**Q** 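So that we are looking at the same thing, I have put the structure below in structure tokens.
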2 protein chains.
Amino acid sequence: MRPPLTERQSAIYDFIGTFLRTHRKPPTLKEIGEAVGITSTNGVSKHLDALEAKKYIVRVRNQARSIRLTDQADAYALDRDEVPKITVISRTSSDAPQRLRHRPEGTFVVDPYFVNRVFGNPDDRCLLARAGDDGMNGDGIRKGDFLLIEEMSWEDVRRGDLVACLVGETLLARYFEFTNNRLHLRPADRRYTESTFAPNDAGCYIIGRIIGVMRRL
Amino acid sequence: MRPPLTERQSAIYDFIGTFLRTHRKPPTLKEIGEAVGITSTNGVSKHLDALEAKKYIVRVRNQARSIRLTDQADAYALDRDEVPKITVISRTSSDAPQRLRHRPEGTFVVDPYFVNRVFGNPDDRCLLARAGDDGMNGDGIRKGDFLLIEEMSWEDVRRGDLVACLVGETLLARYFEFTNNRLHLRPADRRYTESTFAPNDAGCYIIGRIIGVMRRL
DNA sequence: TGAGATGGTGGATATTTTTTCACTTATATC
DNA sequence: GATATAAGTGAAAAAATATCCACCATCTCA
């Protein structure tokens, strides 16, 4: 669709997006130049011409701070330092479970009012994943539901907490208990069986505590 | 907390917010003046001084287009024509149910990626409210759950749809059916009874179809 | 080997934008 | 009646910002 950007053009495009998010206004040519190391505003202007020709930005002639990103998504993205973000994880067989967060499916930057109101105050540790079975059906969580997870190790989970865990390749919601040096994962539904694992069993990885559930109907 | 604004200050504050959303950059003094009918930039500047003193905005001296709204909500608000928004409703006894949308508790402008991914594509018709009882406990909706509602009249709801309705002062989630010229609201839990109403009974108002459920744990 | 794209420097100029100063008109308040 | 606050005009000065011009270097491609 749009022609690819050169390395330099890309750096400038990225800077504009970052500046927009952090300052809530577009940068001047001088500010761009200072950021990417170009002393002449004319040098910057030529790059902007290229970005505009490739339809990545739109400029208004003779107006200060009037660069607009064509791609709405980039323009809408909010300042990641100021608002909660949620990392979406998806399990694939090649991932080490401990590294789920580092190979995310994506990241949501969410409206702070929306999330705060509905889920309290999820922070950077939050992950989003989908329940892989109906084991908690009796307690209002169904297969496919989106689970908002506060990432924590099994040592930090309290007895009786609802946790998200990877058992083999499946992501499960279960009640957690630790007794007799064993992790116990208890489903709400009797048709599913309670599982028991040794603390560092490779077949079971506790992702964290479930703090929210979302379901699309 | 913050001192109230005069009518004129309020008009300017509102204009700045609107301009930010539609142009993705702050307005100049001149643009503000033209919008509210002030020919001298100095007149505008004084209003901005007042807004800044009352902590509604922050200005950067000697920089073009550098007004920033203090209130994150306004600053974060996106162009309402381009992204989904969700109106939060709360029932109070003085409201006519048909006017719930017009007396909202608030409005969320939500990250399009987040909502799209989780709930599909809710549009302007979407409302957010909390379930008022446990009548759908058996089907995974509990009292206090946040319900994402696609507003529609009872005529447009299909038989068997999960709907949100106001029965008296209580907001309920129920399965909907229309037979024998009567609205039937069926709970999932047998401890709650099915209710039946005449189509325009003042005691029952169908808000719309429930398209999503969110629960904080 | 020459043309075209990319990525610059430096400076002058035009334009926009903010700031400052002097002055006016209401309205409310003590 | 003095005084403060809000709201405004008009013009000029100062600063920021965008644009334009001339010129240079490197690389790729035909």
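Being a predicted model, the structure only gives us computed values, none of them experimental. Letters go in sequence order (proteins before strands), and every chain restarts at 1. Just the heavy atoms: all of them, side chains too, but no hydrogens, waters or symmetry mates, feed the values below.
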**Q** Starting from P on C:dG8, measure out to CD1 on A:Ile12 and report it in whole angstrom.
**A**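 In whole Å, C:dG8 P and A:Ile12 CD1 are 7 Å from each other.
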
**Q** Between B:Tyr192 and B:Asp134, is there a side-chain donor-acceptor contact under 3.5 Å, judged purely by atom types and distance?
**A**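 No - no donor-acceptor pair under 3.5 Å links their side chains.
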
**Q** Counting only N and O atoms by type, is there a donor-acceptor contact under 3.5 Å from the side chain of A:Ser45 to the main-chain atoms of A:Gly43?
**A** no

**Q** Would the distance check show the side chain of B:Lys25 and the main-chain N or O of A:Ile67 forming a donor-acceptor pair, the cut-off being under 3.5 Å?
**A**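 The answer is no, because no donor-acceptor pair under 3.5 Å joins these two groups.
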
**Q** Checking contacts here: which listed nucleotide (D:dC20, C:dG10, D:dA7) is nearest the side-chain heavy atoms of B:Thr6?
**A**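 Among D:dC20, C:dG10, D:dA7, the one nearest the side chain of B:Thr6 is D:dA7.
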
**Q** Please confirm whether the shortest side-chain N or O distance from A:Arg61 to OP1 or OP2 of D:dA18 is below 4.0 Å.
**A** no

**Q** Report the distance from atom CG of A:Asp49 to atom P of C:dG4, rounded to the nearest whole Å.
**A**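 My rounded result for the distance is 18 Å.
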
**Q** Can you check the A:Lys30 NZ to D:dT19 C1' distance for me, whole Å?
**A** 16 Å

**Q** What does B:Thr41 touch in the nucleic acid at a heavy-atom separation under 4.0 angstrom: a base, only the sugar-phosphate, or nothing?
**A**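 Counting heavy atoms under 4.0 Å across all strands, the contact made by B:Thr41 includes a base.
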
**Q** Is the shortest side-chain N to carboxylate O distance from A:Arg59 to A:Asp49 below 4.0 Å?
**A** yes

**Q** Please state whether the rings of B:Phe19 and B:Phe15 are parallel, tilted or perpendicular, taking 30° and 60° as the class boundaries.
**A** tilted

**Q** With a 4.0 Å cut-off, would you call A:Glu31 and A:Arg65 a salt bridge?
**A** yes

**Q** Is the ring pair B:Trp154/B:Phe178 parallel, tilted or perpendicular, if the boundaries are 30 and 60 degrees?
**A** tilted

**Q** What is the distance from CD of B:Glu34 to P of D:dT9, rounded to the nearest Å?
**A** 12 Å

**Q** Roughly how many Å is it from CG in B:Leu5 to C1' in D:dA7, rounded to a whole number?
**A**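 Interatomic distance, CG of B:Leu5 to C1' of D:dA7: 15 Å.
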
**Q** Given 3.5 Å as the limit, does a donor-acceptor pair link the side chain of A:Asp161 with the main chain of A:Val163, or not?
**A** no

**Q** Is A:Ser45 close enough to D:dC20 that one of its side-chain N or O atoms is under 4.0 Å from OP1 or OP2 there?
**A** no

**Q** May I have the distance from B:Ile32 (atom CD1) to C:dT16 (atom P), rounded to whole angstrom?
**A**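 Result: 18 Å.
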
**Q** Can you tell me the distance, in whole Å, between the CD1 atom of B:Ile38 and the P atom of C:dT25?
**A**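 So the two atoms are 18 Å apart, to the nearest Å.
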
**Q** Please compare B:Glu7 and B:Asn62 by the position of their nearest nucleotide in DNA chain D and report the one closer to 5'.
**A** B:Glu7

**Q** Does B:Arg59 make a side-chain N or O approach to OP1 or OP2 of C:dT19 shorter than 4.0 Å?
**A**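 Affirmative; the distance criterion is met.
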
**Q** Does the side chain of B:His47 get closer than 4.0 angstrom to OP1 or OP2 of D:dA7 through an N or O atom?
**A**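 True: B:His47 side-chain N/O within range (under 4.0 Å) of D:dA7 OP1/OP2.
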
**Q** Students often get this wrong, so: under 4.0 angstrom with heavy atoms, is B:Ser40 touching a base, only sugar-phosphate, or nothing?
**A**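 If one applies the 4.0 Å heavy-atom cut-off, B:Ser40 turns out to touch a base.
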
**Q** Using a heavy-atom cut-off of under 4.0 Å over every strand shown, decide if B:Leu29 touches base, sugar-phosphate, or nothing.
**A** base

**Q** So, OP1 or OP2 of D:dT5: does either fall under 4.0 Å of a side-chain N or O from B:Arg8?
**A**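 No, B:Arg8 has no side-chain N/O under 4.0 Å of OP1/OP2 on D:dT5.
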
**Q** Please report the distance, rounded to the nearest Å, between CD in B:Gln63 and C1' in D:dT17.
**A**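 That distance rounds to 11 Å.
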
**Q** Any protein N or O atoms within reach of nucleotides 22-24 of chain C? Criterion: under 3.5 Å, listing atom names and distances.
**A**
{"from": "C:dA22", "atom 1": "N6", "to": "B:Asn42", "atom 2": "ND2", "distance (Å)": "3.3"}

